[in-house]
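Structure, as C-alpha coordinates:
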Amino acid sequence: MSKHIFVTGGVVSSLGKGLTAASLALLLRKRGYRVRMQKLDPYLNVDPGTMSPYQHGEVYVTTDGAETDLDLGHYERFTGEYCDRKSNFTAGRIYSAVLERERRGDYLGKTVQVIPHITNEIIAAIRSLASPEVDIVLTEIGGTVGDIESLPFLEAIRQFRQEIGRDNGLFVHVTLVPYLKAAEELKTKPSQQSVGILRSIGIFPDMLVCRCEKPLGEEHRQKLALFCNVEPELVIEACDVAHSIYEVPLELARQDMDVYVLEKMRLHVHDLDLTDWKQMLRRLCQPLRGAVEIAVVGKYISLRDAYKSIYEALTHGAASHDVQVRIRMVESEDIESKGAAAVLAGVQGVLVPGGFGARGVEGKIQAVQYAREQKIPFFGICLGMQCAVMEFARNVCGMADANSTEFHEATAYPVIALMEGQKDKDKGGTMRLGAKPCVLRAGSVAERIFGCREVSERHRHRYEFNNAYRAAFENAGMQLSGLSPDGSLVEMVEVPAHPWFVACQFHPEFQSTPLKPHPLFASFLAAAVRHREG
Ligand code: GLN
(Lines give C-alpha, C1' and ligand atoms only; values in the text may rest on other atoms or scores of the structure.)
Protein backbone atom coordinates (compact mmCIF):
# COMPACT_ATOMS: atom_id res chain seq x y z
CA MET A 1 0.00 0.00 0.00
CA SER A 2 1.37 3.43 -0.95
CA LYS A 3 1.80 6.05 1.77
CA HIS A 4 0.56 9.58 1.14
CA ILE A 5 1.98 13.02 1.89
CA PHE A 6 -0.20 16.11 1.42
CA VAL A 7 1.35 19.54 1.06
CA THR A 8 -0.89 22.55 1.69
CA GLY A 9 -0.04 26.25 1.70
CA GLY A 10 -1.02 29.03 4.05
CA VAL A 11 -1.02 32.83 4.39
CA VAL A 12 -0.07 33.74 0.80
CA SER A 13 0.42 32.10 -2.59
CA SER A 14 3.81 31.79 -4.34
CA LEU A 15 5.42 30.36 -1.22
CA GLY A 16 7.35 27.74 -3.12
CA LYS A 17 5.11 24.83 -2.14
CA GLY A 18 6.00 23.13 -5.39
CA LEU A 19 9.72 23.51 -4.74
CA THR A 20 9.30 22.23 -1.19
CA ALA A 21 7.33 19.21 -2.40
CA ALA A 22 9.83 18.52 -5.19
CA SER A 23 12.79 18.85 -2.82
CA LEU A 24 11.22 16.46 -0.31
CA ALA A 25 10.50 14.01 -3.12
CA LEU A 26 14.14 14.13 -4.21
CA LEU A 27 15.32 13.33 -0.68
CA LEU A 28 12.87 10.44 -0.34
CA ARG A 29 13.98 9.05 -3.70
CA LYS A 30 17.62 9.37 -2.68
CA ARG A 31 16.71 7.35 0.41
CA GLY A 32 15.54 4.55 -1.82
CA TYR A 33 11.79 5.14 -2.07
CA ARG A 34 9.68 5.11 -5.22
CA VAL A 35 7.82 8.42 -5.20
CA ARG A 36 5.09 9.80 -7.49
CA MET A 37 4.02 13.42 -7.41
CA GLN A 38 0.78 15.20 -8.09
CA LYS A 39 -0.71 18.69 -8.01
CA LEU A 40 -4.39 19.40 -7.40
CA ASP A 41 -5.40 22.87 -8.62
CA PRO A 42 -8.62 24.43 -7.34
CA TYR A 43 -9.41 26.61 -10.40
CA LEU A 44 -12.18 25.79 -12.89
CA ASN A 45 -10.19 25.63 -16.13
CA VAL A 46 -10.08 21.97 -17.15
CA ASP A 47 -6.34 22.42 -17.61
CA PRO A 48 -4.04 25.47 -17.77
CA GLY A 49 -3.60 25.05 -21.54
CA THR A 50 -6.07 27.83 -22.35
CA MET A 51 -4.68 30.36 -19.85
CA SER A 52 -2.40 33.25 -20.68
CA PRO A 53 1.13 33.30 -19.27
CA TYR A 54 0.04 36.41 -17.36
CA GLN A 55 -2.43 34.26 -15.47
CA HIS A 56 -0.46 31.17 -15.08
CA GLY A 57 3.14 31.28 -16.27
CA GLU A 58 4.36 28.47 -18.44
CA VAL A 59 2.18 25.55 -19.48
CA TYR A 60 4.19 22.42 -18.79
CA VAL A 61 3.68 19.49 -21.16
CA THR A 62 4.07 15.88 -20.03
CA THR A 63 5.21 13.00 -22.25
CA ASP A 64 1.62 11.76 -22.53
CA GLY A 65 0.53 15.15 -23.81
CA ALA A 66 -1.16 16.72 -20.80
CA GLU A 67 -0.97 20.51 -20.52
CA THR A 68 -0.23 21.06 -16.87
CA ASP A 69 0.86 23.34 -14.08
CA LEU A 70 4.46 24.48 -14.12
CA ASP A 71 5.08 22.90 -10.72
CA LEU A 72 5.21 19.58 -12.56
CA GLY A 73 8.37 20.93 -14.17
CA HIS A 74 9.93 21.27 -10.72
CA TYR A 75 8.78 17.76 -9.86
CA GLU A 76 10.45 16.30 -12.94
CA ARG A 77 13.62 18.38 -12.67
CA PHE A 78 14.18 17.55 -9.01
CA THR A 79 13.24 13.88 -9.07
CA GLY A 80 14.34 13.02 -12.61
CA GLU A 81 11.08 11.08 -12.88
CA TYR A 82 8.44 11.80 -15.55
CA CYS A 83 4.93 12.86 -14.56
CA ASP A 84 1.82 12.17 -16.62
CA ARG A 85 -1.78 13.37 -16.81
CA LYS A 86 -2.55 11.75 -13.46
CA SER A 87 -0.11 14.20 -11.91
CA ASN A 88 -2.32 17.26 -12.37
CA PHE A 89 -6.04 17.55 -11.70
CA THR A 90 -7.93 20.85 -11.63
CA ALA A 91 -11.32 21.47 -10.08
CA GLY A 92 -12.54 21.95 -13.66
CA ARG A 93 -11.42 18.46 -14.63
CA ILE A 94 -12.97 16.95 -11.49
CA TYR A 95 -16.30 18.74 -12.03
CA SER A 96 -16.37 17.85 -15.75
CA ALA A 97 -16.04 14.17 -14.94
CA VAL A 98 -18.85 14.31 -12.38
CA LEU A 99 -21.13 16.39 -14.62
CA GLU A 100 -20.55 14.08 -17.57
CA ARG A 101 -21.68 11.18 -15.43
CA GLU A 102 -24.69 13.12 -14.24
CA ARG A 103 -25.77 13.72 -17.86
CA ARG A 104 -25.26 10.07 -18.68
CA GLY A 105 -27.65 9.21 -15.90
CA ASP A 106 -25.20 7.42 -13.63
CA TYR A 107 -26.66 9.15 -10.57
CA LEU A 108 -30.32 8.77 -11.58
CA GLY A 109 -32.57 9.60 -8.67
CA LYS A 110 -29.84 11.15 -6.54
CA THR A 111 -28.89 14.74 -5.79
CA VAL A 112 -25.34 15.36 -7.02
CA GLN A 113 -23.36 17.28 -4.39
CA VAL A 114 -19.90 18.59 -3.60
CA ILE A 115 -19.79 16.12 -0.72
CA PRO A 116 -19.66 13.23 -1.54
CA HIS A 117 -19.55 13.34 -5.34
CA ILE A 118 -16.85 15.94 -5.93
CA THR A 119 -14.81 14.86 -2.90
CA ASN A 120 -15.00 11.21 -4.00
CA GLU A 121 -13.79 12.18 -7.45
CA ILE A 122 -10.84 14.02 -5.84
CA ILE A 123 -10.05 10.98 -3.71
CA ALA A 124 -10.13 8.83 -6.86
CA ALA A 125 -7.64 11.23 -8.47
CA ILE A 126 -5.29 10.84 -5.49
CA ARG A 127 -5.73 7.08 -5.48
CA SER A 128 -4.99 6.90 -9.21
CA LEU A 129 -1.27 7.34 -8.42
CA ALA A 130 -1.14 4.73 -5.67
CA SER A 131 0.01 1.24 -6.67
CA PRO A 132 2.19 -1.62 -5.43
CA GLU A 133 5.07 -0.07 -7.42
CA VAL A 134 4.81 3.25 -5.58
CA ASP A 135 5.96 3.68 -1.98
CA ILE A 136 4.94 7.29 -1.48
CA VAL A 137 2.47 9.55 -3.29
CA LEU A 138 3.15 13.23 -2.71
CA THR A 139 0.13 15.45 -3.41
CA GLU A 140 0.37 19.23 -3.44
CA ILE A 141 -2.85 21.20 -3.03
CA GLY A 142 -2.72 24.41 -5.06
CA GLY A 143 -4.04 27.70 -3.73
CA THR A 144 -4.05 28.93 -0.16
CA VAL A 145 -5.86 27.49 2.82
CA GLY A 146 -8.91 29.65 3.44
CA ASP A 147 -9.84 30.06 -0.24
CA ILE A 148 -13.41 28.98 -1.00
CA GLU A 149 -12.19 26.93 -3.97
CA SER A 150 -9.77 24.85 -1.92
CA LEU A 151 -12.43 23.55 0.46
CA PRO A 152 -13.52 20.42 -1.46
CA PHE A 153 -9.85 19.44 -1.86
CA LEU A 154 -9.09 19.89 1.82
CA GLU A 155 -12.23 17.98 2.78
CA ALA A 156 -11.18 15.19 0.41
CA ILE A 157 -7.71 14.83 1.92
CA ARG A 158 -9.19 14.98 5.43
CA GLN A 159 -11.53 12.09 4.62
CA PHE A 160 -8.86 10.17 2.79
CA ARG A 161 -6.33 10.35 5.63
CA GLN A 162 -9.08 9.31 8.08
CA GLU A 163 -9.58 6.25 5.92
CA ILE A 164 -5.92 5.26 5.48
CA GLY A 165 -4.82 6.09 9.04
CA ARG A 166 -2.20 8.33 10.62
CA ASP A 167 0.80 6.15 9.79
CA ASN A 168 -0.08 6.15 6.12
CA GLY A 169 -0.81 9.81 5.55
CA LEU A 170 1.02 12.96 6.53
CA PHE A 171 0.02 16.62 6.36
CA VAL A 172 2.78 19.13 5.64
CA HIS A 173 1.76 22.79 5.79
CA VAL A 174 3.96 25.37 4.06
CA THR A 175 3.47 28.79 5.55
CA LEU A 176 4.95 32.28 5.69
CA VAL A 177 6.71 33.77 8.70
CA PRO A 178 7.10 37.40 7.64
CA TYR A 179 9.79 39.72 8.93
CA LEU A 180 8.54 43.16 9.93
CA LYS A 181 11.27 45.69 9.45
CA ALA A 182 9.77 48.35 11.71
CA ALA A 183 9.42 45.90 14.58
CA GLU A 184 12.66 44.08 13.63
CA GLU A 185 10.80 40.87 14.27
CA LEU A 186 9.60 37.67 12.66
CA LYS A 187 5.87 37.25 13.07
CA THR A 188 4.29 33.86 13.73
CA LYS A 189 0.66 34.97 13.99
CA PRO A 190 -0.29 34.51 10.29
CA SER A 191 0.97 30.93 10.48
CA GLN A 192 -0.94 30.28 13.68
CA GLN A 193 -4.10 31.57 12.02
CA SER A 194 -3.62 29.54 8.89
CA VAL A 195 -3.11 26.38 10.94
CA GLY A 196 -6.22 27.45 12.85
CA ILE A 197 -8.22 27.42 9.61
CA LEU A 198 -6.93 23.93 8.81
CA ARG A 199 -7.83 22.67 12.26
CA SER A 200 -11.33 24.11 12.02
CA ILE A 201 -11.93 21.86 9.04
CA GLY A 202 -10.44 18.83 10.71
CA ILE A 203 -6.86 18.83 9.37
CA PHE A 204 -4.08 18.84 11.98
CA PRO A 205 -0.76 19.42 10.21
CA ASP A 206 2.04 17.05 11.24
CA MET A 207 4.77 19.32 10.01
CA LEU A 208 5.25 23.03 9.28
CA VAL A 209 7.61 24.39 6.66
CA CYS A 210 8.15 28.05 7.44
CA ARG A 211 9.22 30.34 4.61
CA CYS A 212 11.18 33.22 6.05
CA GLU A 213 13.72 35.86 5.09
CA LYS A 214 15.64 35.46 8.37
CA PRO A 215 16.43 32.30 10.33
CA LEU A 216 13.61 31.31 12.68
CA GLY A 217 15.64 30.89 15.83
CA GLU A 218 14.78 28.66 18.75
CA GLU A 219 12.27 31.00 20.31
CA HIS A 220 10.04 31.22 17.25
CA ARG A 221 10.35 27.53 16.58
CA GLN A 222 9.10 26.75 20.09
CA LYS A 223 6.32 29.26 19.77
CA LEU A 224 5.12 27.85 16.46
CA ALA A 225 5.34 24.32 17.82
CA LEU A 226 3.29 25.23 20.85
CA PHE A 227 0.56 27.21 19.12
CA CYS A 228 0.32 25.07 16.02
CA ASN A 229 0.46 21.80 17.91
CA VAL A 230 3.45 20.21 16.14
CA GLU A 231 6.66 18.85 17.62
CA PRO A 232 9.47 21.51 17.63
CA GLU A 233 11.76 19.47 15.36
CA LEU A 234 8.90 19.25 12.86
CA VAL A 235 8.92 23.01 12.46
CA ILE A 236 11.20 23.26 9.44
CA GLU A 237 12.79 26.53 8.49
CA ALA A 238 12.88 27.39 4.81
CA CYS A 239 14.90 30.57 4.45
CA ASP A 240 15.45 32.09 1.01
CA VAL A 241 18.44 30.27 -0.54
CA ALA A 242 21.46 32.22 -1.74
CA HIS A 243 22.09 31.11 -5.33
CA SER A 244 19.80 28.47 -6.69
CA ILE A 245 16.49 26.72 -6.07
CA TYR A 246 18.46 23.47 -6.25
CA GLU A 247 19.91 24.32 -2.83
CA VAL A 248 16.51 23.80 -1.19
CA PRO A 249 16.86 19.99 -0.79
CA LEU A 250 20.14 20.47 1.08
CA GLU A 251 18.47 22.93 3.43
CA LEU A 252 15.67 20.49 4.15
CA ALA A 253 18.12 17.60 4.56
CA ARG A 254 20.19 19.65 7.00
CA GLN A 255 17.13 19.74 9.25
CA ASP A 256 16.39 16.04 8.68
CA MET A 257 12.97 16.79 7.26
CA ASP A 258 13.03 13.58 5.22
CA VAL A 259 14.05 11.54 8.27
CA TYR A 260 11.11 12.84 10.29
CA VAL A 261 8.74 12.24 7.40
CA LEU A 262 9.86 8.62 7.10
CA GLU A 263 9.74 8.05 10.85
CA LYS A 264 6.25 9.50 11.07
CA MET A 265 5.10 7.09 8.38
CA ARG A 266 7.00 4.21 9.98
CA LEU A 267 9.27 3.68 7.01
CA HIS A 268 12.89 2.62 7.30
CA VAL A 269 15.44 5.44 7.08
CA HIS A 270 18.00 4.28 4.50
CA ASP A 271 21.24 6.21 3.96
CA LEU A 272 21.18 9.44 2.00
CA ASP A 273 23.83 10.10 -0.65
CA LEU A 274 23.63 13.53 -2.27
CA THR A 275 27.12 13.50 -3.84
CA ASP A 276 25.96 14.00 -7.43
CA TRP A 277 23.54 16.73 -6.37
CA LYS A 278 26.27 18.58 -4.46
CA GLN A 279 28.70 18.30 -7.38
CA MET A 280 26.06 19.75 -9.68
CA LEU A 281 25.43 22.59 -7.20
CA ARG A 282 29.12 23.43 -7.02
CA ARG A 283 29.26 23.82 -10.82
CA LEU A 284 26.04 25.78 -10.76
CA CYS A 285 26.82 28.15 -7.88
CA GLN A 286 30.60 28.54 -8.21
CA PRO A 287 31.37 27.89 -11.88
CA LEU A 288 35.07 27.86 -12.72
CA ARG A 289 34.87 29.05 -16.33
CA GLY A 290 33.29 32.47 -15.97
CA ALA A 291 30.01 33.50 -17.56
CA VAL A 292 28.25 33.71 -20.90
CA GLU A 293 25.30 35.88 -21.72
CA ILE A 294 22.33 34.50 -23.63
CA ALA A 295 19.48 36.60 -24.99
CA VAL A 296 16.03 35.05 -24.67
CA VAL A 297 13.74 36.90 -27.06
CA GLY A 298 10.09 36.63 -26.10
CA LYS A 299 6.97 38.63 -25.44
CA TYR A 300 6.34 37.80 -21.79
CA ILE A 301 9.81 38.79 -20.74
CA SER A 302 8.75 40.61 -17.60
CA LEU A 303 7.28 37.35 -16.35
CA ARG A 304 9.96 34.96 -15.17
CA ASP A 305 7.47 32.11 -14.94
CA ALA A 306 6.42 32.35 -18.59
CA TYR A 307 9.71 30.78 -19.74
CA LYS A 308 10.49 28.83 -16.57
CA SER A 309 11.69 25.59 -18.17
CA ILE A 310 13.77 27.49 -20.75
CA TYR A 311 15.65 29.37 -18.04
CA GLU A 312 16.12 26.20 -16.02
CA ALA A 313 17.40 24.24 -19.02
CA LEU A 314 19.87 27.03 -19.83
CA THR A 315 21.10 26.84 -16.25
CA HIS A 316 21.53 23.06 -16.49
CA GLY A 317 23.39 23.35 -19.80
CA ALA A 318 25.70 26.03 -18.43
CA ALA A 319 26.49 24.09 -15.24
CA SER A 320 27.45 21.08 -17.35
CA HIS A 321 30.28 23.25 -18.79
CA ASP A 322 31.13 24.86 -15.46
CA VAL A 323 30.05 28.30 -16.66
CA GLN A 324 27.45 30.66 -15.37
CA VAL A 325 24.65 31.70 -17.70
CA ARG A 326 23.44 35.29 -17.55
CA ILE A 327 20.11 35.67 -19.22
CA ARG A 328 19.32 38.88 -21.07
CA MET A 329 15.54 38.93 -21.24
CA VAL A 330 14.66 40.72 -24.44
CA GLU A 331 11.20 42.00 -25.27
CA SER A 332 10.84 41.21 -28.98
CA GLU A 333 8.92 44.44 -29.57
CA ASP A 334 12.01 46.32 -28.35
CA ILE A 335 13.90 44.84 -31.29
CA GLU A 336 11.15 46.10 -33.60
CA SER A 337 11.55 49.64 -32.29
CA LYS A 338 15.31 49.83 -31.60
CA GLY A 339 16.81 47.31 -34.03
CA ALA A 340 18.39 43.93 -33.28
CA ALA A 341 21.98 45.19 -33.08
CA ALA A 342 21.15 47.72 -30.35
CA VAL A 343 19.33 45.22 -28.22
CA LEU A 344 21.38 42.07 -28.81
CA ALA A 345 24.94 43.41 -29.01
CA GLY A 346 27.40 41.55 -26.82
CA VAL A 347 25.48 38.32 -26.21
CA GLN A 348 27.10 34.94 -26.86
CA GLY A 349 23.88 33.24 -27.88
CA VAL A 350 20.32 34.03 -28.98
CA LEU A 351 17.38 31.84 -28.05
CA VAL A 352 13.89 32.35 -29.44
CA PRO A 353 11.42 30.25 -27.42
CA GLY A 354 7.87 29.10 -28.15
CA GLY A 355 4.89 31.40 -28.36
CA PHE A 356 1.49 32.14 -29.83
CA GLY A 357 -0.03 35.12 -31.62
CA ALA A 358 1.35 37.82 -33.88
CA ARG A 359 2.58 40.34 -31.30
CA GLY A 360 6.36 40.57 -31.34
CA VAL A 361 6.91 38.00 -34.10
CA GLU A 362 8.67 40.45 -36.42
CA GLY A 363 11.15 41.28 -33.63
CA LYS A 364 11.85 37.59 -33.18
CA ILE A 365 12.50 37.21 -36.89
CA GLN A 366 14.93 40.14 -36.75
CA ALA A 367 16.69 38.46 -33.83
CA VAL A 368 17.16 35.33 -35.93
CA GLN A 369 18.55 37.36 -38.82
CA TYR A 370 21.00 39.14 -36.52
CA ALA A 371 22.24 35.88 -34.99
CA ARG A 372 22.51 34.18 -38.38
CA GLU A 373 24.37 37.03 -40.07
CA GLN A 374 26.63 37.83 -37.10
CA LYS A 375 27.36 34.10 -36.65
CA ILE A 376 26.17 34.13 -33.04
CA PRO A 377 24.93 30.74 -31.77
CA PHE A 378 21.19 30.56 -32.40
CA PHE A 379 18.67 28.20 -30.82
CA GLY A 380 15.03 28.24 -31.96
CA ILE A 381 12.33 26.36 -30.11
CA CYS A 382 8.83 25.76 -31.52
CA LEU A 383 7.71 29.26 -32.58
CA GLY A 384 11.45 30.00 -32.48
CA MET A 385 12.01 27.38 -35.21
CA GLN A 386 9.09 28.75 -37.19
CA CYS A 387 10.66 32.24 -36.99
CA ALA A 388 13.99 30.79 -38.16
CA VAL A 389 12.22 29.26 -41.15
CA MET A 390 10.41 32.52 -41.98
CA GLU A 391 13.63 34.50 -41.68
CA PHE A 392 15.56 32.11 -43.92
CA ALA A 393 12.76 32.13 -46.48
CA ARG A 394 12.68 35.92 -46.63
CA ASN A 395 16.38 36.74 -46.48
CA VAL A 396 18.10 33.72 -48.04
CA CYS A 397 15.55 31.99 -50.28
CA GLY A 398 14.26 35.29 -51.67
CA MET A 399 10.65 34.70 -50.68
CA ALA A 400 9.66 38.25 -49.74
CA ASP A 401 7.24 38.46 -46.80
CA ALA A 402 7.20 34.70 -46.25
CA ASN A 403 5.13 34.04 -43.17
CA SER A 404 3.20 31.58 -41.07
CA THR A 405 -0.51 31.39 -41.78
CA GLU A 406 -0.94 31.90 -38.03
CA PHE A 407 0.05 35.53 -38.59
CA HIS A 408 -0.81 36.20 -42.25
CA GLU A 409 -3.29 33.87 -43.79
CA ALA A 410 -2.97 35.17 -47.37
CA THR A 411 0.85 35.30 -47.47
CA ALA A 412 2.39 34.49 -50.88
CA TYR A 413 4.85 32.12 -49.16
CA PRO A 414 3.13 30.17 -46.36
CA VAL A 415 6.33 28.45 -45.23
CA ILE A 416 4.66 27.60 -41.91
CA ALA A 417 1.08 26.38 -42.14
CA LEU A 418 -1.68 24.79 -40.14
CA MET A 419 -1.32 21.04 -39.81
CA GLU A 420 -3.92 18.88 -41.48
CA GLY A 421 -6.32 17.85 -38.75
CA GLN A 422 -5.87 21.11 -36.84
CA LYS A 423 -8.55 22.97 -38.78
CA ASP A 424 -11.83 23.99 -37.02
CA LYS A 425 -10.89 22.54 -33.68
CA ASP A 426 -11.85 23.58 -30.16
CA LYS A 427 -9.06 25.41 -28.38
CA GLY A 428 -8.58 23.22 -25.29
CA GLY A 429 -6.25 20.20 -25.40
CA THR A 430 -6.33 19.89 -29.19
CA MET A 431 -2.82 20.83 -30.30
CA ARG A 432 -0.20 18.28 -31.31
CA LEU A 433 0.79 17.42 -27.77
CA GLY A 434 3.25 15.22 -25.93
CA ALA A 435 6.27 13.11 -26.75
CA LYS A 436 6.75 12.01 -30.37
CA PRO A 437 9.66 10.24 -32.00
CA CYS A 438 11.96 12.18 -34.30
CA VAL A 439 14.50 10.67 -36.70
CA LEU A 440 17.72 12.60 -37.17
CA ARG A 441 19.52 12.81 -40.46
CA ALA A 442 22.82 10.90 -40.65
CA GLY A 443 25.77 13.29 -40.55
CA SER A 444 23.71 16.25 -39.29
CA VAL A 445 24.67 18.56 -36.44
CA ALA A 446 21.58 17.31 -34.64
CA GLU A 447 22.76 13.71 -34.85
CA ARG A 448 26.17 14.69 -33.54
CA ILE A 449 24.63 16.58 -30.60
CA PHE A 450 22.24 13.82 -29.58
CA GLY A 451 24.70 11.02 -30.36
CA CYS A 452 21.93 8.83 -31.82
CA ARG A 453 19.54 8.63 -34.75
CA GLU A 454 16.17 8.61 -33.00
CA VAL A 455 14.97 10.77 -30.12
CA SER A 456 11.66 11.39 -28.39
CA GLU A 457 10.68 14.95 -27.52
CA ARG A 458 7.58 16.80 -26.33
CA HIS A 459 5.41 18.98 -28.55
CA ARG A 460 2.77 21.66 -28.23
CA HIS A 461 1.85 23.30 -31.53
CA ARG A 462 -0.73 23.56 -34.31
CA TYR A 463 1.44 24.87 -37.15
CA GLU A 464 4.35 23.21 -38.90
CA PHE A 465 6.91 23.53 -41.66
CA ASN A 466 5.14 23.52 -45.05
CA ASN A 467 6.48 20.53 -47.00
CA ALA A 468 5.98 22.29 -50.33
CA TYR A 469 9.13 24.30 -49.57
CA ARG A 470 11.48 21.51 -48.51
CA ALA A 471 13.65 21.52 -51.61
CA ALA A 472 13.95 25.31 -51.68
CA PHE A 473 15.33 25.36 -48.15
CA GLU A 474 17.71 22.43 -48.65
CA ASN A 475 19.07 24.03 -51.82
CA ALA A 476 19.63 27.36 -50.04
CA GLY A 477 21.57 25.84 -47.13
CA MET A 478 19.03 25.09 -44.40
CA GLN A 479 19.02 21.37 -43.68
CA LEU A 480 15.90 19.62 -42.48
CA SER A 481 17.78 17.48 -40.00
CA GLY A 482 14.95 15.92 -38.00
CA LEU A 483 11.74 14.38 -39.34
CA SER A 484 8.84 12.43 -37.88
CA PRO A 485 9.44 8.69 -38.51
CA ASP A 486 7.02 8.63 -41.47
CA GLY A 487 8.89 11.59 -42.93
CA SER A 488 5.80 13.79 -43.02
CA LEU A 489 6.69 16.45 -40.43
CA VAL A 490 9.82 18.59 -40.16
CA GLU A 491 10.93 18.51 -36.52
CA MET A 492 14.42 20.05 -36.74
CA VAL A 493 16.28 22.44 -39.01
CA GLU A 494 19.91 23.60 -38.99
CA VAL A 495 22.31 25.75 -40.97
CA PRO A 496 25.51 23.69 -41.20
CA ALA A 497 27.54 26.64 -42.54
CA HIS A 498 26.84 28.62 -39.34
CA PRO A 499 28.85 27.99 -36.12
CA TRP A 500 25.69 26.83 -34.29
CA PHE A 501 22.26 27.35 -35.80
CA VAL A 502 19.81 24.70 -34.64
CA ALA A 503 16.05 24.86 -34.22
CA CYS A 504 13.39 22.35 -33.27
CA GLN A 505 9.62 22.17 -33.45
CA PHE A 506 9.57 20.34 -30.11
CA HIS A 507 10.28 21.65 -26.60
CA PRO A 508 13.58 20.17 -25.36
CA GLU A 509 13.42 22.37 -22.24
CA PHE A 510 10.81 20.03 -20.76
CA GLN A 511 13.26 17.14 -20.66
CA SER A 512 16.26 18.85 -19.12
CA THR A 513 17.19 18.20 -15.50
CA PRO A 514 20.11 19.52 -13.45
CA LEU A 515 21.63 16.05 -13.26
CA LYS A 516 20.91 15.33 -16.95
CA PRO A 517 21.09 18.56 -18.94
CA HIS A 518 19.41 18.31 -22.33
CA PRO A 519 22.01 17.71 -25.09
CA LEU A 520 20.71 20.62 -27.21
CA PHE A 521 21.00 23.08 -24.32
CA ALA A 522 24.41 21.72 -23.32
CA SER A 523 25.66 21.99 -26.90
CA PHE A 524 24.19 25.51 -27.32
CA LEU A 525 26.00 26.66 -24.16
CA ALA A 526 29.24 25.06 -25.37
CA ALA A 527 28.86 27.03 -28.60
CA ALA A 528 28.29 30.20 -26.56
CA VAL A 529 31.54 29.57 -24.67
CA ARG A 530 33.36 29.05 -27.99
CA HIS A 531 31.84 32.27 -29.29
CA ARG A 532 33.02 34.12 -26.19
CA GLU A 533 36.52 32.80 -26.77
CA GLY A 534 36.43 33.93 -30.40
N1 GLN B 1 2.11 29.15 -32.35
C2 GLN B 1 2.89 28.10 -32.93
C3 GLN B 1 2.06 26.88 -33.25
O4 GLN B 1 0.97 26.73 -32.73
C5 GLN B 1 4.04 27.72 -32.03
C6 GLN B 1 3.61 27.07 -30.77
C7 GLN B 1 4.69 27.05 -29.72
O8 GLN B 1 5.69 27.74 -29.84
N9 GLN B 1 4.48 26.29 -28.64
O10 GLN B 1 2.46 26.05 -34.00
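Side chains are part of it too, since the values below use all heavy atoms of this structure and drop only hydrogens, waters and symmetry mates. If you read the sequence from its start, that first residue is 1, and numbering goes on from there. Everything numeric in this text was worked out from a predicted model, so none of it was measured. Read the numbers this way: they start at 1 and go in the same order the structure lists the ligands and their atoms.
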Set out, in order, the CA-CA distance, both residues' side-chain angles and the distance that settles side-chain hydrogen bond (donor to acceptor under 3.5 Å, both in side chains) for Ser444 and Gln479, then state yes or no.
CA-CA 8 Å; Ser444 63; Gln479 256 195 33; 5.3 Å; no
Among Phe379, Phe450, Phe506, Phe510, the one residue meeting ring pair (Phe, Tyr, Trp, His ring centres under 6.0 Å) with His518
Phe450
Can you label the angle between the Trp500 ring and the Phe524 ring as parallel, tilted or perpendicular, going by 30° and 60°?
tilted
Residue by residue, ordered by chain and number, which ones reach under 4.0 Å of ligand 1 with a heavy atom?
Gly354, Gly355, Phe356, Cys382, Leu383, Gln386, Glu406, Arg460, His461, Arg462, Tyr463, His507
side-chain hydrogen bond (donor to acceptor under 3.5 Å, both in side chains): which pairs involve residues 374-391, sequence neighbours left out?
Arg372-Glu391, Gln386-Gln505, Glu391-Asn395
Does atom CG of Asp401 have more than 12 heavy-atom neighbours from other groups under 6.0 Å away?
no
Counting only heavy atoms not in Glu474, do more than 12 sit closer than 6.0 Å to its CD atom?
yes
